[in-house]
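Notes follow once the structure below has been shown.
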Amino acid sequence: MSFDRDRVESWLSQALAAGDGADGVEALFRGAVSSQMRLAEARVVQSSHVVEGRVMVRAVVGGREAYAVTTDLTPAGLRDCTRAAMDRAAACPSPAAPVALPEPGDAPRPVDGFDEPTAHLAAPDKERWLADALKAHRTDDLALAGRFHSGVRVLAVRSTTGVSAFHTGTFADLSLSSLERPAGHRASSSRALLDARIDEDRVRALAEETRAECRRAHDPVTVDPGAWDVVLAPAAVAELLTWLAGIGFTSRAIEDGLSFVEGRLGEAVTGDAVTLIDDGVAPYGLGIPLPFDAEGQPRRRITLLERGVARGGVHDSRSARRAGCAGTGHAVGPSLFGTGGGEPGHLHFEPGTASVDDLVARVDRGLFVTRFHYVNGLIEPRRAVMTGLLRDAAFLIEGGRMTRAVTPLRFTDSILEAFARIPGAAGVGRDLEPHGEWIGVGSTVCPHLLVPGLRFTSGR
């Protein structure tokens, strides 16, 4: 099955037609046709062709709203979904202000998010691209695990207010981890990307980088906690930026007074090396572009931080009305992970001028951090205090060169204060990488960073 425009819009029209008696109805379709592959123990363990699609209906009755979701895309299934949303809305208590569906916005900006080879990439091609890496891992007695998913995603929105938006784009989600097999402390390394396009050379390069780094990471040394100058790889930066977005730039964080930009617009909240934008058009040509949000509203380019100065957050239509401002096209809709609102989904950290070697060469004694895990950014949101652990290969830097691998350390620091210590554009990498978020279909595009004096508090 394919999710062509005529078919999808027919489903959404059927859902709207069942809304007789409602103040308004909005129907959102999300679907994907994908080739999915999983790896373990340096072998392909699963290959599948997956087709998934669902419709979420939002109904407004008497100024109250509710949602219903279905994967039954038959006329009866769509009708029942709409009626369920209406029944739930009618049973809700009256809100402080009546809910109204948004009117159509400006035409979304065009995006280049479809790559024909990526759309049709199949399991035999993926297995051929990974064959040398799988063999090399087995030869080195290393386990290679991960996923390699790719395909086409579709997003479409229609409403009784006249909203009509449709987008189809490709994606490649590649995540690889190498692991030493012997008992005891085992070295590991990883590489990942989430992008709209992929090719054989890129896959082979990531797989070889993962293997080579894992071999270098054996027999790590223990170093003491304290303030360490660190070079953060893009995967580590992306983890921190995702947390910054969640605690600082969502409409919910701003409304609740927990955001570090609330009440500080126009003020410096971090260093002038940091310019962070959210732009669904993918201005650097990387990541997963998306021209509109879950309400069918065009995604605006929003500058969140400009040379360290707070410029704003993002909104859906409802939070924008409460704030007395224009919506920014960042509605996500409710899910298992939240109640909706406006959330950043396409973060881009403006690149600097340095190569990775330049950044490492500036460090006399420090650490190279591949990525973090178990990060908690809710300790003190107004200062963006976070804690987390080194994950996979991390290396000691001595005299401007990476040397031995190190055992895990836990950092605890204000990321705003840490980023304020970045030494200008020379402390920001010039090359960008696209990484995925925890949930959703957005992406975070970021460089390597040199962060002096990141505070590590313990060995675990």
Side-chain angles (χ1 to χ4, degrees), residues 9 11-30 54-70 78-108 155-166 249-259 262-263 265 292-300 302 312-345 440:
E9 291 188 342
W11 288 332
L12 298 183
S13 294
Q14 292 174 56
L16 298 186
D20 184 41
D23 301 343
V25 178
E26 175 188 272
L28 164 68
F29 175 83
R30 285 193 174 104
R54 63 174 182 165
V55 167
M56 176 183 288
V57 174
R58 174 164 59 149
V60 179
V61 177
R64 297 161 292 185
E65 69 174 355
Y67 294 81
V69 182
T70 185
L78 294 166
R79 181 190 64 242
D80 292 346
C81 184
T82 299
R83 302 308 298 185
M86 292 173 61
D87 290 344
R88 292 170 187 173
C92 288
S94 297
V99 176
L101 296 178
E103 300 291 328
D106 297 333
L155 179 70
V157 185
R158 299 196 85 175
S159 77
T160 53
T161 61
V163 171
S164 180
F166 180 89
F249 304 114
T250 67
S251 61
R252 179 67 178 272
I254 294 170
E255 288 181 326
D256 289 348
L258 299 176
S259 165
E262 195 273 329
L265 296 183
F292 55 87
D293 67 4
E295 295 180 314
Q297 301 299 303
R299 287 185 176 271
R300 291 171 49 197
I302 301 297
V314 301
H315 291 280
D316 65 359
S317 63
R318 290 167 294 181
S319 68
R321 283 195 297 270
R322 291 192 293 266
C325 65
T328 64
H330 287 81
V332 295
S335 71
L336 294 174
F337 300 97
T339 57
E343 297 181 6

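- Scanning both residues, Gln297 and Glu103, for their nearest heavy atoms gives NE2-O, 3.1 Å.
- Scanning all heavy atoms of the two residues, the minimum distance from Ala294 to Glu26 falls at O-OE2, 4.0 Å.
- Between atom OG1 of residue Thr161 and atom CG of residue Leu101 there is a gap of 5.5 Å, rounded to the nearest 0.5 Å.
- Judged by distance alone, the side chain of Arg64 and the main-chain N or O of Ala90 form a donor-acceptor pair under 3.5 Å.
- Put simply, the side chain of Thr82 gets close to the backbone of Ala15: a donor and an acceptor are under 3.5 Å apart.
- If you take CG on Leu16 and CD on Glu9, they are separated by 11.0 Å, rounding to the nearest 0.5 Å.
- Here the closest non-hydrogen pair linking Ala18 and Met86 is O-SD, 3.9 Å.
- Residue Val60 is tested with Val99, Val25, Thr160 for a side-chain contact (heavy atoms from CB on, under 4.5 Å); the sole match is Val99.
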Legend entry - Intermediate values then yes/no, side chain to side chain contact (heavy atoms under 4.5 Å, CB included), Arg79 and Gln14: CA-CA 7 Å; Arg79 181 190 64 242; Gln14 292 174 56; over 6 Å; no

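- Distance CG/Leu12 to CE/Met56: 12.5 Å, rounded to 0.5 Å.
- No side-chain heavy atom of His315 sits under 4.5 Å from any side-chain heavy atom of Arg322.
- Here the side chains of Thr250 and Pro344 are in contact, with some heavy-atom distance below 4.5 Å.
- Of the inter-residue distances, the one linking Asp20 atom CG with Arg83 atom CZ reads 7.0 Å to the nearest 0.5 angstrom.
- When all heavy atoms of Ala66 and Ala89 are compared, the closest pair comes out as CB-N, 3.3 Å.
- Atom-to-atom distance recorded for Trp11:CH2 and Thr70:OG1 is 11.5 Å, nearest 0.5 angstrom.
- The CZ atom of Arg300 lies 12.0 Å from the CG atom of Asp293; values are rounded to the nearest 0.5 Å.
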Inset, instruction - Report the C-alpha separation of Arg54 and Arg30 in whole Å, then their side-chain angles, then the decisive distance to 0.1 Å, and conclude whether the side chain to side chain contact (heavy atoms under 4.5 Å, CB included) test is met. - result: CA-CA 6 Å; Arg54 63 174 182 165; Arg30 285 193 174 104; 4.1 Å; yes

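- Considering every non-hydrogen atom in both Pro298 and Gly105, the closest pair reads CD-CA, 4.2 Å.
- Shown here for Val57 and Cys81, the closest heavy-atom pair between the two residues is CG2-SG, 3.8 Å.
- Between Glu295 and Asp316 the shortest side-chain heavy-atom distance falls below 4.5 Å.
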